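Chain letters run A, B, ... following the sequence lines, proteins first, then strands; residues in each count from 1. Note that the structure is a prediction, hence the values are computed from the model and not measured.
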Amino acid sequence: MDKNPSGEDNDDIDWDTEDELEIQDTVFSSCTNLRTTGQHVVCSNGEASSSSVPFQSSKFIQQFVVMGFTEESIAKAIEQNGENSDLVLDALLTFKALDDSPEEQPSTSPQLEPSISSDDSFSEYNENILDDVYEEDSWSSDSDNCINPVGRCYLNDEGSSLSGNEKTLLFLANMGYPEEEGSIAMKRCGPEASLPELVDFICAAQMARAEDPYLPEDVKPKLKHILNDFGGYKKRKMYNGLCKRKKPREISAEEETIRLPKPMIGFGVPTEPVPTMVQRFLPKKTIGPPFFYYENVALAPKGVWDTIKRFLYEIEPEFVDSRYFSATQRKRGYLHNLPIENRFPLFPLPPRTIHEALPLSKKWWPSWDTRTKLNCLQTAIGSAKLTDKIRKAVEKYDDEPPLEVQKYVLYQCKKWNLVWVGRNKVAPLEPDEVEMLLGFPKNHTRGGGISRTDRYKSLGNSFQVDTVAYHLSVLKDLFPDGINVLSLFSGIGGGEVALYRLGIRLNNVVSVEKSEANRNIVRSWWEQTNQRGNLIHFDDVQLLSRDCLEKLIGSFGGFDLVIGGSPCNNLAGSNRVSRDGLEGKESSLFFDYVRILDDVKSIMSRHR
DNA sequence: CGAAGGATGAGGAATGAT
DNA sequence: ATCATTCCTCATCCTTCG
């Protein structure tokens with residue numbers, strides 16, 4: 001049993017609690033002070049004003065005005081194509097490209113290049129793949145409308161197309177985006193980034209700022225209004241349409257799109273034969289420290305994982321269904337730079353069928369319900385009304401109900417993860433059953449003021465501990481003296497629990513979690529398991545500015561692991577209201593994960 | 001008795017597999 | 001083409017508490 005592995009062992013180290021608290025206090029106060037600085041930065045870049053537009057013309061025209069096209073060219077494009085957004089945009093881009101293409105820029109702009117080439121985490125990688133850009137680029141052969149310069153941006157220090165950067169920047173500027181933001185986006189998106197991708201990045205950044213709690217209230221509505229009405233998703237969709245039309249068949253977006261493996265076992269799971277072809281390409285710059293581990297739903301809207309991959313150094317994500325670790329399915333993508341050799345699972349191995357996990361249900365389980373695995377545990381549970389309807393539907397028959405009834409009952413049971421708890425009686429899982437299925441200790445989320453509804457919600461949003469622990473197990477030999485962890489979007493502490501159950505000592509854990517109830521859960525678990533290390537909580541990723549990270553890293557010498565799964569609200573299939581992709585209100589916090597990881601990497605590389 | 005918070009139930013579509 | 005799956009949101013009702 002690994003359930004209570006000590007807290008008693010390894011007492012040879014002198015844990016000076018008072019010193020640590022002092023460090024903690026210093027960090028806290030300094031980070032709090034940084035808020036004003038951060039706020040100032042946000043307010044001073046002026047993207048709100050640069051994005052504002054005259055509101056006198058029709059909405060159809062406005063959407064192009066806000067992109068930076070002149071009213072004359074818009075009028076011309078509408079005249080030629082009618083009020084069809086895609087066609088008009090197409091024409092406008094063509095005008096623009098034709099305007100831009102004849103001129104030859106004499107040299108690279110001195111202001112722009114340093115900011116691009118000085119990035120320590122991307123420049124080397126960029127150089128490696130530059131050679132292929134031209135061959136792969138399908139836009140350059142599209143001579144008809146010369147879309148090439150705006151379709152992609154090139155990071156090339158020499159050669160004939162050195163004006164590509166500037167053209168892209170110029171184009172973005174014409175769309176109303178400040179040069180600074182365009183430059184950052186190009187730097188972050190990499191050399192192959194297309195225009196829609198760059199626009200994505202900038203919009204996401206702007207939206208993140210619109211949500212910034214420290215942004216003055218009078219700026220927020222303006223920003224949001226602009227983003228909602230004219231920018232963001234709508235714009236992106238239009239550009240996507242454009243991409244598909246313009247790209248020749250041979251290198252299609254479909255081929256570039258990440259495909260989910262079948263069976264979904266990633267780079268391998270303990271219970272299945274190892275996949276035959278595991279090629280793992282880790283660019284040199286991405287190899288730790290720090291190690292990082294990012295998680296999100298596998299079944300996200302199209303293109304989301306491509307974007308995630310692009311923002312996380314082009315590392316191939318590992319898609320794993322937790323059905324190979326537990327009695328419940330959980331299809332997730334994990335993107336990390338961990339070694340994948342010599343992994344080992346948590347012991348004891350958890351039950352892997354419904355009957356093993358819920359032995360009492362076996363007695364009542366009808367033979368025609370052939371489920372052996374539960375579906376994904378979500379944040380909401382089936383209603384009493386539904387279980388009542390099912391009972392009434394089934395109890396009318398002494399024997400097996402007719403096929404139609406079976407079909408209906410099975411559909412609902414799968415949809416809501418209902419289990420048989422009595423004769424003709426189904427019920428949703430209890431919270432402690434969900435805890436067990438996800439690999440948490442019993443009562444992990446119980447008590448301390450959390451409501452039952454919120455328990456389900458927190459659990460539904462969590463890691464499957466056994467799955468994550470399998471991936472993290474390689475850290476045990478690498479860090480025999482324990483590790484420092486930066487845990488973003490910690491939730492109920494799935495990462496922490498996984499590390500603890502692996503027997504990896506937690507020296508310093510900086511945990512960022514919005515929900516107070518969740519922070520209490522982690523704090524309580526921390527105390528109950530007699531952790532000797534240092535737990536520092538933040539409630540908002542926005543607070544982790546570069547200065548703040550600098551201080552944290554300075555205080556205990558850097559992070560060994562950055563772990564977290566950013567919000568999936570706007571990616572998950574069950575969201576019928578706001579499945580908006582990575583630009584969504586919550587899911588756009590992914591970009592904060594990237595920002596923070598990037599800062600940690602660059603600060604730590606400087607410290608070394 | 002009213003405010004606050006918890007519980008309830010109604011509510012499809014995107015996506016990939018076949 | 002059909003089928004299966006999906007870390008969900010929101011308005012409303014109910015309970016609790018002062």
Side-chain angles (χ1 to χ4, degrees), chain A residues 233 237 240 253-254 257-264 294-306 308 319-323 326 328-334 370-371 373-390 407-408 410-418 427-431 434-435 437-440 445 449-465 467-468 489-495 513-518 564-582 584-587 589-590:
Chain A
Y233 201 46
K237 281 209 159 156
N240 276 353
E254 284 76 14
T257 295
I258 291 173
R259 301 188 63 175
L260 300 175
K262 189 181 151 34
M264 198 183 277
Y294 175 80
E295 177 261 12
N296 217 320
V297 291
L299 280 63
K302 265 185 180 168
V304 164
W305 272 104
D306 299 273
I308 292 173
F319 293 100
V320 183
D321 188 341
S322 292
R323 65 177 294 136
S326 91
T328 157
Q329 305 196 60
R330 208 167 184 79
K331 299 175 182 66
R332 296 291 179 269
Y334 304 93
T370 54
R371 288 177 295 162
K373 301 274 185 188
L374 292 162
N375 278 341
C376 186
L377 302 170
Q378 303 191 117
T379 54
I381 60 167
S383 64
K385 201 167 188 170
L386 176 63
T387 60
D388 193 48
K389 272 165 83 177
I390 289 175
K407 206 172 157 188
Y408 162 75
L410 231 68
Y411 173 77
Q412 296 295 346
C413 284
K414 287 177 180 174
K415 185 172 180 179
W416 292 103
N417 265 330
L418 303 172
L429 294 165
E430 289 294 310
V434 180
E435 284 169 349
L437 288 163
L438 290 176
F440 288 94
T445 59
I450 189 172
S451 73
R452 197 180 156 87
T453 310
D454 281 346
R455 257 183 106 180
Y456 282 116
K457 189 174 173 186
S458 293
L459 284 162
N461 282 320
S462 171
F463 286 165
Q464 207 288 326
V465 172
T467 312
V468 171
F489 314 106
S490 303
I492 57 174
E513 170 56 38
K514 194 99 179 165
S515 151
E516 191 190 347
N518 286 346
S566 61
C568 65
N569 303 25
N570 310 117
L571 312 178
S574 289
N575 187 344
R576 308 177 185 188
V577 182
S578 51
R579 198 182 186 189
D580 301 330
L582 272 183
K585 190 164 173 272
E586 283 85 20
S587 293
L589 287 171
F590 161 71

query = Given the P atoms of dC7(C) and dT8(B), what is the spacing between them in whole Å?
reply = 23 Å
Any N/O donor-acceptor pair, Arg332(A) side-chain to dC7(C) base, under 3.5 Å = yes
request  = Salt-bridge test for Glu586(A) and Lys514(A): reply yes if a basic N is under 4.0 Å from a carboxylate O, no otherwise.
outcome  = no
query = Over how many whole Å does the gap from Leu589(A) atom CG to dC7(C) atom C1' extend?
reply = 15 Å
request  = Could you pick out which residue, Lys331(A) or Val577(A), lies toward the 5' side of DNA chain C when each is mapped onto its nearest nucleotide?
outcome  = Lys331(A)
query = Taking any strand in view, what nucleotide pairs with dG12(B) in a Watson-Crick or G-U wobble way, both distances under 3.5 Å?
reply = none
note = Of the listed dC8(C), dT5(C), dA7(B), the closest approach to the Asn375(A) side chain comes from dT5(C)
query = Among Gln329(A), Arg323(A), Lys331(A), which one satisfies side chain to side chain donor-acceptor pair (under 3.5 Å) with Asn375(A)?
reply = Gln329(A)
request  = Examine the side chains of Tyr294(A) and Ser566(A) and answer whether a donor and an acceptor come within less than 3.5 Å of each other.
outcome  = yes
query = Roughly how far apart, to the nearest Å, are dA4(C) and dG12(B) at atom C1'?
reply = 14 Å
query = What is the distance from CG of Leu386(A) to C1' of dA7(B), rounded to the nearest Å?
reply = 16 Å
remark   = When Leu374(A), Leu418(A), Ile381(A) are each screened for side-chain contact (heavy atoms from CB on, under 4.5 Å) with Leu429(A), the one that passes is Leu374(A)
